[in-house]
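Data first, discussion second: the structure below is written as structure tokens.
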Amino acid sequence: MANSKFVMSSSDVERLRPLLSVIERRNGGFKKAHLAALAGKLSVCREVSATAVPADIVTMNSLVAVQNLDSGEVYEFRLVFPGGYDAYGAYISVFSQLGSVLIGSKLGSVVALKSPKLQRLKVQEIRFQPEASGRFDL
């Protein structure tokens with residue numbers, strides 16, 4: 001899908017699809033809308049090799065700074081696979097609502113998060129992206 005708006009590393013997609021499939025099979029579908037949206041995003045993204053991922057795309061294990069456009073507050077998160085998150089919020093799972101909207105987002109883009117009211121978050125900075133740093137093992 002050459003004209004898809006989301007670019008994702010093929011290695012991220014290859015690791016995420018089976019995990020989502022397990023959830024879908026166990027639950028007889030996706031019970032949470034953001035997981036269904038993530039599955040949809042994976043089905044329409046433009047997959048590229050890890051070496052071809054642009055440095056301005058949020059990928060797995062990226063460290064990103066997002067700004068809440070309503071409050072002005074800036075938060076820093078590392079996007080991780082399920083099980084890699086922490087209770088303090090510095091690491092967020094790609095299967096969380098926030099993680100599912102961040103994966104594949106471009107630097108400067110604004111994503112919407114409903115938690116419990118609508119929040120608009122701008123991807124302000126990608127402080128670390130494994131692919132841009134030559135870290136293809138993450």
Side-chain angles (χ1 to χ4, degrees):
M1 308 213 159
N3 58 358
S4 172
K5 80 181 220 183
F6 296 106
V7 174
M8 293 180 70
S9 139
S10 55
S11 60
D12 286 351
V13 172
E14 289 168 8
R15 291 172 71 186
L16 289 170
R17 274 194 183 128
L19 295 172
L20 280 169
S21 292
V22 168
I23 291 171
E24 186 178 24
R25 278 194 311 273
R26 280 189 186 156
N27 297 330
F30 294 112
K31 305 291 187 207
K32 299 189 179 202
H34 67 275
L35 291 178
L38 176 59
K41 189 185 275 192
L42 293 179
S43 69
V44 299
C45 72
R46 183 168 58 92
E47 289 182 53
V48 298
S49 70
T51 57
V53 175
D56 64 349
I57 300 293
V58 178
T59 62
M60 293 305 303
N61 296 298
S62 289
L63 180 64
V64 298
V66 296
Q67 180 181 27
N68 183 314
L69 294 179
D70 299 316
S71 70
E73 292 182 76
V74 176
Y75 306 95
E76 182 179 273
F77 303 105
R78 182 171 305 275
L79 186 62
V80 297
F81 286 95
Y85 60 92
D86 70 354
Y88 302 105
Y91 295 84
I92 58 163
S93 170
V94 67
F95 284 3
S96 69
Q97 187 181 12
L98 177 57
S100 67
V101 297
L102 281 177
I103 185 79
S105 294
K106 191 171 185 168
L107 180 65
S109 65
V110 176
V111 298
L113 181 66
K114 295 176 188 170
S115 173
K117 66 177 190 149
L118 181 67
Q119 295 181 51
R120 296 171 310 124
L121 304 172
K122 180 178 181 180
V123 180
Q124 187 177 53
E125 185 180 353
I126 299 175
R127 296 181 176 164
F128 173 79
Q129 185 213 62
E131 294 82 359
S133 300
R135 293 293 312 269
F136 306 113
D137 58 323
L138 297 177

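The first residue in the sequence is number 1, and the count goes up from there. Note that the structure is predicted; figures quoted are calculated from it, not measured.
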Discussion item. Determine whether Phe95 and Leu16 satisfy the following criterion, side chain to side chain contact (heavy atoms under 4.5 Å, CB included), listing intermediate values before the conclusion.
Written reply: CA-CA 9 Å; Phe95 284 3; Leu16 289 170; 4.0 Å; yes
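- When all heavy atoms of Met60 and Asp12 are compared, the pair lying nearest together is N-OD2, 3.0 Å.
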Worksheet item: Which is it for Val80 and Ile92 under the side chain to side chain contact (heavy atoms under 4.5 Å, CB included) test, yes or no, and what are the steps along the way?
Response: CA-CA 6 Å; Val80 297; Ile92 58 163; 5.9 Å; no
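- Residues that satisfy the salt bridge (charged side-chain N to carboxylate O under 4.0 Å, His left out) test with Arg127, not counting sequence neighbours, are Glu76, Glu125.
- Ala55 meets the side chain to side chain contact (heavy atoms under 4.5 Å, CB included) test with Ala132; sequence neighbours excluded.
- Distance alone, capped at 3.5 Å, places no donor-acceptor pair between the Arg78 side chain and the Tyr91 backbone.
- For the residue pair Pro82 and Val94, the shortest heavy atom distance occurs at CD-CG1, 4.2 Å.
- Contacts of Ser49 classified as side-chain hydrogen bond (donor to acceptor under 3.5 Å, both in side chains), with partners at least two apart in sequence or in another chain: Thr51.
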Worksheet item: Step by step, would you call Val64 with Tyr75 a side chain to side chain contact (heavy atoms under 4.5 Å, CB included)?
Response: CA-CA 8 Å; Val64 298; Tyr75 306 95; over 6 Å; no
Worksheet item: Could you go step by step and tell me if Arg17 and Leu20 meet the side chain to side chain contact (heavy atoms under 4.5 Å, CB included) rule?
Response: CA-CA 5 Å; Arg17 274 194 183 128; Leu20 280 169; 5.9 Å; no
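- When the side-chain hydrogen bond (donor to acceptor under 3.5 Å, both in side chains) test is applied to Glu14, no partner is found at least two apart in sequence or on another chain.
- Among residue pairs with one or both ends in residues 58-69, none qualify as salt bridge (Lys or Arg N to Asp or Glu O under 4.0 Å); sequence neighbours excluded.
- Grouped by direct or indirect side-chain proximity (heavy atoms under 4.5 Å, Ile/Leu/Val/Met/Phe/Trp/Tyr only), Leu69 sits with Val110.
- Residues forming a side chain to side chain contact (heavy atoms under 4.5 Å, CB included) with Val48 (at least two apart in sequence, or on another chain): Val7, Arg46, Ala52, Val53.
- To the nearest 0.5 Å, atoms CZ (Arg120) and OG (Ser71) are separated by 10.5 Å.
- Between the CD1 atom in Ile57 and the OG atom in Ser109 there is a gap of 8.0 Å [rounded to 0.5 Å].
- Atom CG of residue Asn61 and atom CG of residue Leu79 lie 7.5 Å apart, to the nearest 0.5 angstrom.
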Counting only pairs under 3.5 Å, give me each side-chain donor-acceptor contact of residues 100-107, with atom names and distances, residues two or more places apart or in other chains.
| unit_1 | atom_1 | unit_2 | atom_2 | d |
| --- | --- | --- | --- | --- |
| Ser100 | OG | Ser96 | O | 3.2 |
| Ser100 | OG | Gln97 | O | 2.9 |
| Ser105 | OG | Val101 | O | 2.8 |
| Ser105 | OG | Leu102 | O | 3.1 |

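- Contact detail for Leu118 and Ala112: the closest heavy-atom pair is CD1-CB, 3.7 Å.
- Not counting sequence neighbours, Gln124 has no partner by the side-chain hydrogen bond (donor to acceptor under 3.5 Å, both in side chains) test.
- Listed by chain and number, the residues in a side-chain hydrogen bond (donor to acceptor under 3.5 Å, both in side chains) with Asp56 amount to none (sequence neighbours excluded).
- Scanning all heavy atoms of the two residues, the minimum distance from Ser62 to Gln129 falls at OG-CG, 3.6 Å.
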